[in-house]
Amino acid sequence: MLAIHGLSTLSDDGVRTILMDSFTARKRAASTADIEAARQMALTAAITIEVRGDAGAVRQQAAAAALQGLAEGLQSLKAPADEAQS
């Protein structure tokens, strides 16, 4: 749950809905494209770390896992209609 000044406590999904509803279609498309670009960069970096020679090191495994988690979090920011298209 998340509290925003002036709003009652909402779930993360409710906040996302309020924020995305205030966007114009053009801003929503740009935001979705930016989120997808960041998600792809995080996944690319995670894969790059995983195939390195020192990928077995705990630090490298943690970095790859963190980047994969970031990518999953970014996916959840996308609007539900956008998720159907990806």
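Residues take their numbers from the sequence shown, with the count starting at 1.
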Asks: What's the separation between atom OG1 in Thr48 and atom CG in Leu43, rounded to the nearest 0.5 Å?
Replies: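 Rounded to the nearest 0.5 Å, the OG1-CG separation comes out at 10.5 Å.
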Asks: Which value, rounded to the nearest 0.5 Å, describes the distance between Leu74 atom CG and Gln40 atom CD?
Replies: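 Here the rounded value is 10.5 Å.
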Asks: Any side-chain donor-acceptor pair under 3.5 Å between Gln68 and Glu72?
Replies: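 No, no side-chain donor-acceptor pair sits under 3.5 Å.
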Asks: What distance do Leu70 atom CG and Arg39 atom CZ have between them, rounded to the nearest 0.5 Å?
Replies: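 Going from the CG atom of Leu70 to the CZ atom of Arg39 covers 10.5 Å.
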Asks: Verify, without hydrogens or angle tests, whether Gln60 (side chain) and Ile49 (backbone) share a donor-acceptor contact under 3.5 angstrom.
Replies: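 Flag not set: sc Gln60 to bb Ile49 has no pair under 3.5 Å.
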Asks: In Å, rounded to the nearest 0.5 Å, how long is the span from CD of Glu50 to CG of Leu67?
Replies: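 Atom-to-atom, Glu50:CD and Leu67:CG are 9.0 Å apart.
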